[in-house]
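For reference, the structure is listed below as structure tokens.
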Amino acid sequence: MPAVPTVEATMLGKLDWSAIPLDQPIPLAAGGVVLLVILGVLAWVVVKGHLPYLWHEWITSVDHKRIGVMYILLASVMLLRGGSDAIMMRIQQAIAYQSQGYLPPEHYNQIFSAHGTIMIFFVAMPFVIGLMNLVVPLQLGVRDVAFPTLNSVGFWLTATGALLVNLSLVIGEFARTGWLAFPPLSELSYSPGVGVDYYAWSLQISGVGTLVAGINLVTTVLKLRTKGMNYLRMPMFCWTTLASNLLIVAAFPILTATLAMLLLDRYLGFHFFTNEAGGNVMMFMNLIWAWGHPEVYILVLPAFGVYSEVVSTFSSKPLFGYRSMVLATMAICIISFMVWLHHFFTMGAGPDVNAIFGIASMIIAVPTGVKIYNWLFTMYGGRIRFATPMLWSVGFMVTFIIGGLTGVLVAVPPADFMLHNSMFLVAHFHNVIIGGVLFAAFAGFEYWFPKAFGFRLDERWGKVGFWFTFVGFWVTFMPLYIAGMLGMTRRMQHYDVAEWRPWMLVAAFGMLLLTIGVLAQVTQIVVSIRNREALRDRTGDPWDGRSLEWATSSPPPVFNFAFDPDVRGEDAYWALKHHAKQQQLEDHSGPEYQDIEMPKNSPTGFVCAFFATVMGFALIWHIWWMVILGGVGAFATFVVFAWRDHDEYVIPAAEVERIDRINIEERRNLVSLAGTL
Amino acid sequence: MNLLDPQGPVAAANSTILVDSVFIMLAIVVPTIFAILAFAFWFRASNTKARYRPDFVYSGRVEMVVWAIPALTVILLGGVAWIGSHQLDPAAPVPGTGSPVRIQAVSLDWKWLFIYPDQRIATVNSLTVPAGAELNIQLTSSSVMNVFFIPQLGSMIYTMNGMVTKLNLRADNQGKLQGLSAHFSGDGFPDMMFDVNVVSPLAFPDWVTTTAKTDAVLNEDSYKKLMQQGIEKGRPTYRLEDPRLFDLIATQHIPPGPGPELVSDAGRPHSGGHDAR
Ligand code: HEM
Ligand SMILES: [Cu+2]
Ligand SMILES: [Cu+2]
């Protein structure tokens with residue numbers, strides 16, 4: 001018989017003072033600093049009276065551009081957190097030769113688990129989703145995404161996940177199992193703490209957010225294109241968005257189900273993945289990778305889209321082999337679901353299975369290679385301007401190709417028998433994720449920043465940032481390939497093998513360069529904000545762009561376009577600009593301005609996420625009354641939203657005209673100015 | 001532990017495939033990288049000699065080539081993968097001289113137990129094998145997953161509780177090698193390195209005889225002690241009481257190893273209580 005629970009246990013569940021890691025100064029200090037910064041910012045906001053502005057213009061906004069910006073902001077902040085973890089790990093491995101270093105295992109293991117989780121779920125994902133949110137409706141020539149309020153819900157649930165992960169710094173602990181929490185290590189018997197629960201619940205909650213974002217973007221691309229924007233006229237970024245979000249819709253439910261099973265094991269004594277009672281850990285391996293492999297393509301496909309836009313714009317040429325690119329994108333989308341087993345060739349599946357999955361994995365490299373060549377030929381015959389986004393793109397091409405090479409290498413089962421889980425593997429996936437996804441995030445950030453904010457970023461600091469990051473990447477990760485070839489396995493808190501040491505030192509030095517790169521980019525933002533008047537973009541088209549997002553002002557009005565653009569071919573805006581159809585967009589003597597209906601702001605997302613945070617926290621700590629409170633609150637929010645009467649407001653035609661005239665005027669001035677020069 | 005310095009046929013074949021695959025790919029990757037840099041440089045906007053060809057957006061011939069190059073490479077590598085997977089299946093026999101040695105490896109929290117059922121001995125964190133003989137290794141885990149890996153002998157393989165995986169290896173040269181766990185298994189994971197002593201076929205029986213004289217006995221009771229979480233800095237050896245011990249472990253007749261001991265309500269193990277160091 002279980003003992004009768006005490007009052008404290010009922011009120012507070014597992015939570016007590018020992019949850020605050022007073023004996024572990026590093027996370028406590030880190031958490032403390034973060035907390036201070038957050039409180040400081042909040043205090044500043046309140047004192048300065050910015051709260052209403054934040055509330056009305058951002059927190060409750062359902063404007064896809066604002067939500068996109070908030071996604072990117074979240075990703076950037078989390079990049080700093082995940083990056084600090086990376087710095088700590090590199091330092092640890094540099095000094096923990098024949099010694100314990102400065103991080104004990106229980107701490108080091110949390111750091112690499114948090115690093116992986118944060119970088120994938122709260123940096124890479126929100127960054128690409130943010131870019132898609134910001135750009136896709138503009139490129140499609142529409143006013144908003146399909147489900148604006150749902151979009152806000154998706155963002156705020158993602159933020160909840162990020163918040164919970166960071167809360168584990170100061171209250172309790174994070175998982176010490178690696179970023180995929182393999183059972184049985186992650187089962188209650190081997191991880192009795194709340195770490196895995198923090199991990200699982202934050203991913204469950206943010207996973208819902210991601211799924212919602214996926215559904216929203218798929219629907220947007222399929223249903224909301226402007227006049228004449230048929231599928232084969234969509235910019236490449238829209239295609240990759242479609243492919244990536246189809247993957248989200250298909251793959252994220254697998255993650256949710258898998259984590260749900262793990263949670264049932266942990267909370268209710270089920271035996272999906274336990275050692276005992278017929279649980280099967282290999283089932284977990286299959287399920288998690290059935291999500292996990294598509295996940296890497298969820299990240300990299302939009303990145304490919306960004307490069308396609310950037311390379312073509314800065315080469316002043318349409319994308320080479322557009323149809324071939326579309327085909328390659330969709331091929332990757334489909335094949336990426338058929339290769340998951342390559343993550344555990346070494347589990348003894350047998351030669352036929354290994355070989356088939358190995359070959360299937362290599363087949364993905366074909367469309368990927370085709371993409372590289374198509375970017376190459378886009379540059380051929382171009383007039384290439386090396387602005388920062390283009391630097392990131394060329395840097396990506398030469399870097400990613402190496403990551404692809406090593407990817408195909410580990411897809412050869414006998415080679416993987418030596419390289420699985422090694423530092424070589426760590427180098428592979430950082431090579432593709434940093435060189436592919438993160439470079440694209442930065443390229444996209446530089447490229448679309450003027451669109452989002454109306455001024456460009458400082459080019460000089462941007463280039464400093466690029467070179468340090470680029471060189472830093474190579475110096476950090478090439479040594480890891482070598483360490484892997486020397487038999488070094490991943491996740492080593494300390495080691496005694498002398499041959500590994502030098503490479504760890506080089507990698508730590510590379511990390512220093514990477515850090516400088518990131519700092520340079522932070523500086524770039526600060527400098528650019530200071531000089532924003534000088535950097536102001538009045539044309540709405542600072543890069544001589546080719547797709548519709550450049551047809552409107554920077555930043556675009558809430559309604560994006562005063563008139564639905566009429567698309568006559570690929571590279572819609574380029575065609576307009578260069579076939580003297582300028583009047584279409586820039587001189588509206590023709591059609592009358594009309595009233596525009598836009599969705600109203602809604603606090604639904606924020607309130608929902610607030611209750612989800614309460615519920616997630618309560619679930620982690622077994623505080624059941626609070627779980628009920630959070631659940632009921634979230635559901636009630638949803639019901640209130642569902643019963644709303646008015647969800648749109650009208651922008652009168654006169655106002656639309658006024659805003660649009662300003663834009664046209666500014667562009668015309670610039671054109672005539674250019675004419676006189 | 002250099003993968004390119006193999007000490008047995010499996011590792012040699014693995015690393016040959018590894019190196020060959022890299023060269024096959026470099027053959028197209030290096031020219032591609034050069035082309036990227038060259039095109040990017042030549043077609044820079046400031047180069048007035050470069051011809052601007054904004055209409056060069058499609059060419060059937062180029063498309064053919066760009067699909068064909070990666071496809072051909074992959075066909076070649078696919079062949080390598082197919083043949084390699086079959087020849088180097090971990091369970092495939094690796095004929096050697098003399099009679100094969102049976103070894104049963106159990107990953108414990110956080111040490112390796114090697115049982116020699118035919119010799120009736122067992123060792124922890126050190127594996128002694130005769131050069132040239134086939135090693136038939138059966139593996140399981142007492143608790144969480146691990147991966148058994150001796151880099152210079154080749155092919156790693158998972159160990160899982162309640163399951164047996166098979167791996168055949170051979171060590172060709174006498175000497176000392178190192179093995180490790182290649183799958184993270186908890187706080188003591190980095191201390192799961194083990195020695196591999198490859199001795200001459202003549203010295204092996206002597207080693208067995210000496211080891212069999214050890215006082216310590218491995219039976220269910222002492223195994224359960226061994227299976228407690230903790231690391232082992234020494235290299236203990238045992239006489240094996242019951243040669244079926246491995247089967248008892250693999251079939252879960254001996255229940256899986258316990259997790260961490262003392263845990264506070266907050267879920268953080270009491271620091272110091274069970275220090276992995
Ligand atoms: C070019 C085609 C690619 C192939 C053939 C490939 C192949 C592989 C293989 C076989 C593994 C597992 C190796 C092992 O665990 O032993 C792996 C791991 C991984 N790959 Fe790739 N890869 C490719 C591209 C990518 C891309 C584009 C990304 C991400 C954007 C990516 C991200 C990852 C990650 C994150 C892991 C490791 C996950 C973990 O174990 O924690 N890969 N890749
Ligand atoms: Cu990382
Ligand atoms: Cu994969």
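In what follows, chains carry the letters A, B, and so on, assigned in the order in which the sequence lines appear, proteins first and then strands, with residues in each chain numbered from 1. Computed from a prediction, not measured in an experiment: that's the story for all the values here.
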Check: B:Ser155 main-chain N/O paired with B:Asn14 side-chain donor or acceptor under 3.5 Å: yes
Under 4.5 Å from a heavy atom of chain A, the part of B:Thr16 involved: neither
Per-residue contact mode, A:Met285 against chain B (heavy atom under 4.5 angstrom): side chain
Region of A:Phe112 in contact with chain B, defined by heavy-atom distances below 4.5 Å: side chain
Side-chain (B:Glu63) to main-chain (A:Ser324) donor-acceptor, under 3.5 angstrom: no
CZ/B:Arg51: more than 12 non-hydrogen atoms of other groups inside 6.0 Å: no
Smallest separation among heavy atoms of A:Val366 and B:Val74, with atom names: CG2-CG2, 3.8 Å
A:His420-B:Tyr158 aromatic ring centre distance below 6.0 Å: yes
Top of B:Trp82, B:Tyr52, B:Phe189, B:Phe39 for chain A proximity - count of heavy-atom pairs under 4.5 angstrom: B:Tyr52
Part of A:Thr378 lying under 4.5 Å from any heavy atom of chain B: neither
Toward chain B, the part of A:Ala328 with a non-hydrogen atom under 4.5 Å: both
Charged N-O contact under 4.0 Å between B:Asp191 and B:Lys233: yes
Contact origin within A:Met488 toward chain B - heavy atom pairs under 4.5 Å: neither
Atom group of B:Asp109 that falls short of 4.5 Å from chain A, counting heavy atoms: side chain
Leading residue by heavy atom contact count with chain B [cutoff under 4.5 Å; candidates A:Pro414, A:Pro184, A:Ala415, A:Gly358]: A:Pro414
Qualifying residues under salt bridge (charged side-chain N to carboxylate O under 4.0 Å, His left out), relative to B:Asp195, sequence neighbours excluded: B:Lys176, B:Arg235
Heavy-atom contact with chain B under 4.5 Å, split by part of A:Thr177: backbone
B:Ser141, part contacting chain A, at a heavy-atom distance under 4.5 Å: neither
Contact class of B:Gln178 relative to chain A, heavy atoms under 4.5 angstrom: side chain
List, one per line, each side-chain donor-acceptor pair under 3.5 Å for residues 344-351 of chain A, sequence neighbours excluded.
none

Proximity breakdown for A:Tyr495 and chain B, heavy-atom pairs closer than 4.5 Å: neither
Toward chain B, the part of A:Ile171 with a non-hydrogen atom under 4.5 Å: neither
Proximity breakdown for B:Leu37 and chain A, heavy-atom pairs closer than 4.5 Å: side chain
Per-residue contact mode, B:Val62 against chain A (heavy atom under 4.5 angstrom): side chain
Test side-chain contact (heavy atoms from CB on, under 4.5 Å) applied to A:Leu486 - qualifying residues, sequence neighbours left out: A:Ile482, A:Glu499, A:Trp500, A:Trp503, B:Asn2
Interface moiety of A:Leu188 toward chain B, non-hydrogen atoms closer than 4.5 Å: neither
Interface moiety of B:Ala50 toward chain A, non-hydrogen atoms closer than 4.5 Å: neither
Proximity breakdown for B:Met160 and chain A, heavy-atom pairs closer than 4.5 Å: side chain
Which atoms of A:Asp352 approach chain B - backbone, side chain, both or neither, heavy atom under 4.5 Å: both
Sidechain-backbone polar pair: A:Tyr198 side chain, A:Gly172 backbone, donor-acceptor under 3.5 Å: no
Residue part contacting chain A, namely of B:Thr73, when any heavy atom lies under 4.5 Å: neither
Aromatic centroids of B:Phe43 and A:Tyr380 separated by under 6.0 Å: yes
Segment of B:Leu180 engaging chain A (4.5 angstrom heavy-atom cut-off): side chain
Positions in residues 249-256 of chain B that reach chain A, provided some heavy atom is under 4.5 Å away: B:Gln252, B:Pro256
Ring-ring centroid check A:Tyr373 B:Trp67, cutoff 6.0 Å: no
Under 4.5 Å from any heavy atom of chain B - which part of A:Val353: neither
Which of B:Ala40, B:Ala71, B:Ser46 touches chain A most, by non-hydrogen pairs under 4.5 Å: B:Ala40
Geometric cation-pi criterion A:Arg176 and A:Phe174, 6.0 Å radius, 45° cone: no
Proximity breakdown for B:Ile69 and chain A, heavy-atom pairs closer than 4.5 Å: side chain
Working for ring pair (Phe, Tyr, Trp, His ring centres under 6.0 Å), residues A:Phe320 and B:Phe56: CA-CA 7 Å; A:Phe320 184 86; B:Phe56 183 61; 5.1 Å; yes
